[in-house]
Amino acid sequence: MENVKVKITTVQTVDEARNEDIIEFVTEATLEKIDTCFIINYDESDITESKGSRTRLKIYKDKMVMTKIGTYSSKMEFEEKISNKNLYTTPYGTFDLDFTTIIYDNSLDEFGKGQVYIEYKIIFGNTGDNYNKLKIDIF
């Protein structure tokens with residue numbers, strides 16, 4: 001297991017005019033490789049509104065599984081052109097989460113350093129589609 005820094009950038013479409021909300025933070029994380037999968041673990045911070053949660057990223061060449069456990073809990077699997085369903089648990093209740101991965105680009109090297117870039121559409125409960133981008137830099 002190795003200590004690394006992870007820079008997470010999320011871009012969320014917040015309204016019909018396609019205005020975006022951008023959140024970016026850098027955190028300490030652990031990195032380990034098991035078979036063909038890199039595993040990243042980090043604690044959420046105040047900036048993500050998920051403080052009190054722990055996030056695990058299982059990064060494969062063609063997909064990523066993101067699991068949050070704690071105050072906010074969810075499990076999202078990102079694989080290009082695949083749709084998934086999930087329950088998203090918050091202090092305010094549990095919501096249905098439907099999402100489709102549009103782009104999944106993994107450019108990590110053999111040591112787990114580099115970038116994972118994902119674009120996906122999400123339907124949160126009964127609201128309309130939101131287009132989101134997620135960029136994870138590991139260094």
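All values reported here derive from a predicted model rather than from experimental measurement.
Tracing side-chain contacts under 4.5 Å through hydrophobic residues (I, L, V, M, F, W, Y), one never reaches Val65 starting from Ile40; they form parts of separate clusters. Under the 4.5 Å side-chain contact rule for hydrophobic residues, Leu134 and Leu108 share a cluster. Side-chain heavy atoms closer than 4.5 Å link hydrophobic residues (I, L, V, M, F, W, Y) into clusters, and following such links, possibly through other members, connects Val6 to Met66. Hydrophobic clustering (ILVMFWY, side-chain heavy atoms < 4.5 Å, transitive): Met76 and Ile102 are in distinct clusters. Taking hydrophobic clusters as Ile, Leu, Val, Met, Phe, Trp and Tyr residues chained together by side-chain heavy-atom distances below 4.5 Å, Tyr117 does not share a cluster with Tyr60.
Counting only residues at least two apart or in different chains, side-chain hydrogen bond (donor to acceptor under 3.5 Å, both in side chains) contacts with residues 102-114 comprise Glu2-Lys113.
Checking side-chain atoms of Asp21 against main-chain N and O of Gln12 turns up no donor-acceptor pair under 3.5 Å. Between the side chain of Ser53 and the main chain of Thr71, a donor-acceptor pair closer than 3.5 Å is present.
The number of heavy atoms from other shown groups lying within 6.0 Å of CZ (Phe111) does not exceed 12. Atom CZ of Phe139 is surrounded by more than 12 heavy atoms from other residues, nucleotides or ligands within 6.0 Å.
Here Glu28 pairs with Lys5 under the salt bridge (charged side-chain N to carboxylate O under 4.0 Å, His left out) rule; sequence neighbours left out. Asn84 pairs by the side-chain hydrogen bond (donor to acceptor under 3.5 Å, both in side chains) definition with nothing, not counting sequence neighbours.
Ring-plane geometry between Phe99 and Phe78 is classed as tilted, the angle between the planes lying from 30 to 60 degrees on a 0 to 90 degree scale.
The two residues Phe95 and Tyr92 make their nearest non-hydrogen contact at CZ-O, 4.3 Å. Taking each heavy atom of Val4 and Thr30 in turn, the nearest pair found is CG2-C, 4.4 Å.
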Worked verdict on Thr101 versus Glu80 for side chain to side chain donor-acceptor pair (under 3.5 Å) = CA-CA 5 Å; Thr101 304; Glu80 196 164 286; over 6 Å; no
